[in-house]
Amino acid sequence: MYALVDCNNFYVSCERVFDPSLNHKPIVVLSNNDGCIIARSNEAKALDIPMGAPLHLYKQVIQKNNVLVYSSNYTLYGDMSSRVMDSFNYFTPDVEVYSIDEAFLGLNGFEQDAIFSKMLYMKKKIYQWTGIPVSIGIGPTKTLAKLANKIAKKYSRKGVYEVIISDHLSQILSDISVEDIWGISKGWGARLRKSGIYTALQLQRANPCYIRKCISVVGERIVYELKGISMLRLGDINRKKSITVSRSFRVMVEDLPNLKQALANHISRAAEKLRYQKSLCGGLYVFINTNKFRKNDHQYRNVGIATFDEPTNNTIVMIRKGFEVLQKIYRAKYNYKKIGVTFIDLKPNNEELKLDSFEYKRMKNIDMYSIQGNLFKTGSPNAKFSGICMQLLDSINYKMGSGTLFYGSVGINKKIEKNKIQIIENSDAILHNKSASYTTNWTELLRVS
DNA sequence: TCTGGGGTCCTAGGACCC
DNA sequence: TCTGGGGTCCTAGGACCC
C-alpha cells in the first residue's frame with residue numbers, strides 16, 4: 001500500500017504559520033517576478049482565481065474582495081518543506097519526496113486494518129509539529145493513492161481517504177473524468193475521449209495494449225495502476241538529473257552586458273545546487289527566448305550546448321571489481337588518445353571505498369574525472385562554468401545588436417548524468433562491451449506479471 | 001505595463017557499426 | 001529493377017507533473 005501526503009495550499013499555509021491572523025482570509029502567493037498567482041487559499045479559490053493566473057488580469061477581483069497578496073519566499077517554503085518531510089521518517093522509512101509539498105510513503109510494514117487510523121494520527125502529528133495541514137490518500141498503487149488524495153481533499157472531512165479494490169471503487173471511478181487521473185492531461189484526455197473513454201472506470205477496463213498504441217507505455221501503466229497492479233515503485237529521488245536556473249526579465253532587455261550579468265548569476269546559483277546535492281556535471285545548456293506574449297515582435301529563441309566528453313589528464317577511473325582486466329581496457333582506450341589516466345582499485349577492504357565519489361574527489365582536489373569514458377566536472381570551479389556559459393551565449397545571440405530583438409528570458413541548464421556517476425561494479429558486462437547498468441523493458445515486466 | 005520556474009519520462013529518427 | 005538487417009547510441013521534441 002502507498003500513501004500520498006500533500007500539504008494543503010502549501011505556500012499559503014507556510015505564510016499562515018508565521019502569521020496566524022491570515023487564517024480564514026483570502027490569500028494568494030505570487031511567482032518570482034510577482035507576475036503570476038501560484039498559490040491560493042481556499043477563500044481565494046472560492047473567488048474563482050485560477051492557478052497560474054497573471055496577476056494583472058485579476059487586480060479587480062483582488063481589490064474588491066480584499067485578497068491579501070504575497071511575494072513568494074522560497075527559502076521559507078523550502079525550510080518548511082524539509083520539516084514536513086522529516087516528520088514522515090517517524091512513521092515509515094519508505095519515503096519518496098515527490099515535490100516541495102508532496103511525498104509518497106510506502107506502507108508495507110503496516111497492518112492492513114491499522115493503516116487508516118495510523119494515517120489519521122500522522123496527519124494530526126504533522127500539524128502539531130509543523131503547523132502545516134495535510135491531506136492523505138491511501139491506495140494499493142501510487143496512481144490510486146493520488147486519486148484517493150484528491151477525494152480526501154474534496155469530500156472527506158477527515159482529510160484522509162483510503163481506496164480499496166471493490167465495487168465501491170468502480171462507482172468512484174465512474175464519477176471521475178480521465179483528465180483527473182494523475183498523468184493524464186488535456187492532450188491525452190482528448191485522445192482518449194475520441195476513442196470513447198471518458199471516465200476513470202472506462203480507462204481502468206480498457207485494453208492496455210490499445211491504450212499503449214493510443215497514448216504510450218505511460219498510458220498503459222496507468223491502466224494497470226488503476227486496476228490495483230503496481231507499476232510505479234517508490235523511488236528515492238534525492239539527486240536531480242538536471243538543474244535549471246532561469247528567470248524572465250521584468251523589463252525588456254536588449255543589450256548583451258545585461259544578459260551576461262544575469263547568466264553569471266544563474267550559473268553560480270546552479271553550481272551551488274550542484275555542489276549541494278554532491279553531483280557532477282555532464283554538460284551545460286544555455287538558452288534565450290524572446291517574450292512569447294508579444295505576438296507582434298519578432299520572436300527568437302536559441303540554445304547553446306556544451307558537453308564535457310573530452311578526457312583530460314585529470315581523469316581518474318575507480319574500479320571496484322576486476323581491476324587488472326579493466327585497467328588494461330582503459331589503458332588501451334586512453335593511450336590511444338594520448339591521455340594520462342589514474343586508476344584506483346577499490347578493493348573491499350580499501351578505506352576509500354567508504355567514501356562516495358564526490359567526497360573522494362573533494363579529498364583529492366580533482367575537478368574533472370571520467371567513468372566509463374564519460375567525463376564529468378564537479379560544481380566547484382565556477383569560473384570555468386561561467387566562461388563556458390559566456391561563450392555559449394556569444395555563439396547563440398548572433399542577432400544581438402540589430403535593435404530588433406527583445407529578450408524574454410535567459411537561463412542555464414546543467415545536465416547531470418546521475419546514473420553514470422558510479423563505481424564500476426560489473427566487470428563481465430564491461431568485458432562484453434555492454435553497459436554495466438540495465439534498463440527494464442516494460443513489456444517484459446508486464447508479461448511476467 | 002505586467003504573463004513562473006523547476007522537474008521527469010518516452011518516442012522517433014538519424015548516425016553509426018558490423 | 002534490384003538496393004541486408006539488426007543493433008546501439010544520441011538527441012530533439014513532446015507529453016506530463018508540481
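A straight line from CD of E220(A) to C1' of dC10(B) spans 13 Å, rounded to a whole angstrom. One interatomic measurement links the two molecules: CH2 of W182(A) to P of dT8(B), which rounds to 14 Å at whole-angstrom precision. Rounded to whole Å, atom P of dT11(B) lies 12 Å from atom CZ of R191(A). What separates CE of M51(A) from C1' of dG5(B) is a distance of 11 Å, to the nearest Å. For L55(A) and dG4(B), the CG to P distance is 12 Å, given to the nearest whole Å. Taking atom CD1 of residue I243(A) and atom P of nucleotide dG7(B), one finds them 6 Å apart after rounding to whole Å. In this entry the distance linking CD1 of I62(A) with P of dC2(B) reads 18 Å, nearest Å. Whole-Å rounding puts the R40(A) CZ to dC18(C) P distance at 13 Å.
Between the side chains of S135(A) and N8(A), at least one donor N or O sits under 3.5 Å from an acceptor N or O.
When the nucleotides dC18(C), dG6(B), dT3(B) are ranked by their closest atom to the side chain of K273(A), dG6(B) comes out on top. When distances are taken from the side chain of N32(A) to each of dT11(B), dG6(B), dG5(B), the shortest belongs to dG5(B). The side chain of S216(A) approaches dC10(B) more closely than any other nucleotide in the set dC10(B), dG6(B), dC18(C). Here dT11(B) is the nucleotide among dT11(B), dC18(C), dT3(B) with the atom lying nearest to any side-chain atom of V217(A). Of the candidates dG7(B), dG4(B), dC18(C), dG4(B) carries the atom nearest the C36(A) side chain, counting heavy atoms from C-beta on.
Remark: R247(A) is in phosphate contact with dG6(B), judged by side-chain N or O atoms under 4.0 Å from OP1 or OP2. In terms of phosphate contacts, S31(A) brings no side-chain nitrogen or oxygen within less than 4.0 Å of OP1 or OP2 of dG5(B). Not one side-chain nitrogen or oxygen of K213(A) sits closer than 4.0 Å to the OP1 or OP2 atom of dT11(B). Distances shorter than 4.0 Å separate some side-chain N or O of R221(A) from OP1 or OP2 on dC10(B). Distances shorter than 4.0 Å separate some side-chain N or O of S248(A) from OP1 or OP2 on dG5(B). Contact between the side-chain N/O atoms of S246(A) and the OP1/OP2 oxygens of dG6(B) is found at a separation under 4.0 Å. For S185(A), a side-chain nitrogen or oxygen approaches OP1 or OP2 of dC17(C) to under 4.0 Å.
Heavy atoms of I100(A) sit nowhere under 4.0 angstrom from any nucleic acid atom. The residue D34(A) sits apart from the nucleic acid: no heavy atom pair falls under 4.0 Å.
Of the possible donor and acceptor atoms, one in the side chain of T92(A) sits under 3.5 Å from a partner among the backbone N and O of D94(A).
Of the two residues contacting DNA chain B, namely K59(A) and N33(A), the nearest-nucleotide position lying further toward the 5' end is that of K59(A).
Nucleotides dG4(C) and dC17(B), compared at atom C1', are 14 Å apart to the nearest Å.
Between W182(A) and F104(A), the angle of the ring planes lies from 30° to 60°, which puts this pair in the tilted group.
Salt-bridge annotation for R16(A) and E43(A): present, with a side-chain N of the basic residue lying under 4.0 Å from a carboxylate O of the acidic one. A salt bridge links R193(A) with E179(A); the closest basic N to acidic carboxylate O contact falls under 4.0 Å.
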*side-chain hydrogen bond (donor to acceptor under 3.5 Å, both in side chains) evaluation trace for S71(A) with D34(A)*: CA-CA 6 Å; S71(A) 292; D34(A) 290 346; 2.9 Å; yes

